[in-house]
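Inspection log for the structure reproduced underneath, given as structure tokens.
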2 protein chains.
Amino acid sequence: MTEDWAGRLREQGFRITPQRQLVLESVNSLEHGTPEEILTEVQRTASGVNLSTVYRTLEVLEGVGLITHTHIGHGSPVYHSTDQSPHLHLVCDGCAVVISIPAAAGGEFAADLEETYGFTPAMTHMAVTGLCKSCASSTVVT
Amino acid sequence: MTEDWAGRLREQGFRITPQRQLVLESVNSLEHGTPEEILTEVQRTASGVNLSTVYRTLEVLEGVGLITHTHIGHGSPVYHSTDQSPHLHLVCDGCAVVISIPAAAGGEFAADLEETYGFTPAMTHMAVTGLCKSCASSTVVT
DNA sequence: GTATATGCAAAGGGTTTGCACGGTT
DNA sequence: AACCGTGCAAACCCTTTGCATATAC
């Protein structure tokens, strides 16, 4: 975990609270946790913490750059520490498995979009959906 | 609009109703409409149509292959006719503009994912977020 | 006539917000 | 002591569902 997470918060005028520490630790340990999952993890240590606190805390932690989130399909976004090396998410529409791959894998595509359309993609922010190997071979087309 | 939309529905055992026609027409004319927007458009002709009907109808129309949807960030998905040539969506985080580009633009990237990870992406299903040219140059980083 | 589609209203998931209390600084 | 952060509950948005009625076939 970012060693100076507390300093990071203080610098920007935020206070250090047990909730913030616990949420940050949970984001780290879960790796791809939704707010609900993060709450559950936090509550293993501090059962009184509220879901709204988790949402507010995630916003703060993201604001100071300690975490980011990715939209992985229809449900809640998932959060991860910015300690992790930047990665893209491949989400299988069949079995919902999430494959993380180095952000560099999208480098050429990103450069292309930049050049051709003047658009600077943040490809880590939205997952790429599709079918994983096993689901592609056993696909049932409705 | 797909000339034989009615046949397409009938073939699969669905009935032809004014609502289905109106929803399909609205999806066509709006090009990137959310369910709510589609309802509003439909209601210009038939004010009594209900939002739940729109949802159910979109599901049916997508099921028979007349329309598809794309997730464009946090809000509701947007629907488009399958008559349109397949395209990717670039969505600006700054001004929310949606740029449609030929699906072919992602071909190399897709081939790469396939080869390296055995993953077959459906890149038209999730938008690519990022910053458009003008927002990239005037970025206010909070 | 029969089964499907619709309208309505209620319920459901996920997220945000107002407010008073409690904790950090 | 002042102010920020939290818990709680209510509100909110989007979507789905149960049910009785209406409609396409």
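Here is the naming used below: chain letters follow the sequence lines, and residue numbers restart at 1 for every chain. Heavy atoms only: backbone and side chains are in, while hydrogens, waters and symmetry mates are out.
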ask   = How long is the line joining NE2 of B:His69 and P of D:dC14, in whole Å?
value = 16 Å

key: Protein-to-nucleotide contact annotation, 5' to 3' order, nucleotides 19-25 of chain C [B base; S sugar-phosphate only; - none; under 4.0 Å, heavy atom]   = ----BBS

ask   = What's the CG-C1' distance between A:Leu39 and D:dT6, to the nearest Å?
value = 13 Å

query = Hey, is the main chain of A:Arg20 close enough, under 3.5 Å, to the side chain of A:Thr57 for a donor-acceptor pair?
reply = no

query = With distance as the sole test, does B:Thr116 use its side chain to make a donor-acceptor pair with the main-chain N or O of B:Leu113 at under 3.5 Å?
reply = no

key: Nearest-Å distance for atom pair CG/C1', residues B:Leu9 and C:dA5   = 12 Å

remark   = Separation of C:dA3 atom P from B:Gln12 atom CD, nearest Å, is 21 Å

ask   = Who passes side chain to side chain contact (heavy atoms under 4.5 Å, CB included) against A:Ala122, sequence neighbours left out?
value = A:His125, B:Thr129

Nearest-angstrom distance from the residue atom CD of B:Gln21 to P of D:dA24 = 12 Å

inquiry  = Within the 3.5 Å criterion, strictly below it, is a donor on B:Thr68 or B:His80 matched to an acceptor on the partner's side chain?
reply    = yes

request  = Whole angstrom is fine here: how far is it from CG in A:Leu58 over to C1' in C:dT16?
outcome  = 13 Å

key: Side-chain (B:Gln43) to main-chain (B:Val49) donor-acceptor, under 3.5 angstrom   = yes

inquiry  = When you measure from the side chain of A:Asn28 to the backbone of A:Leu24, do you find a donor-acceptor pair of N or O atoms at a distance under 3.5 Å?
reply    = yes

inquiry  = Using whole Å, what does the distance between atom C1' of nucleotide D:dG7 and atom CG of A:Leu22 come to?
reply    = 15 Å

inquiry  = Any salt bridge linking B:Glu41 with B:Arg44? Criterion: basic side-chain nitrogen under 4.0 Å from a carboxylate oxygen.
reply    = yes

remark   = Taken to the nearest whole Å, CD/B:Gln19 to C1'/C:dC8 is 14 Å

query = By a strict heavy-atom criterion of less than 4.0 Å, which residues belonging to residues 45-53 of chain A are in contact with DNA chain C?
reply = A:Leu51, A:Ser52

task = Using the side chain to side chain contact (heavy atoms under 4.5 Å, CB included) rule, pick out the option among B:Val97, B:Val91, B:Asp93 that qualifies with B:Cys95.
result = B:Val97

query = Using the ring of each side chain (for Trp, its six-membered ring), is B:His74 parallel, tilted or perpendicular to A:His71, with breaks at 30° and 60°?
reply = tilted

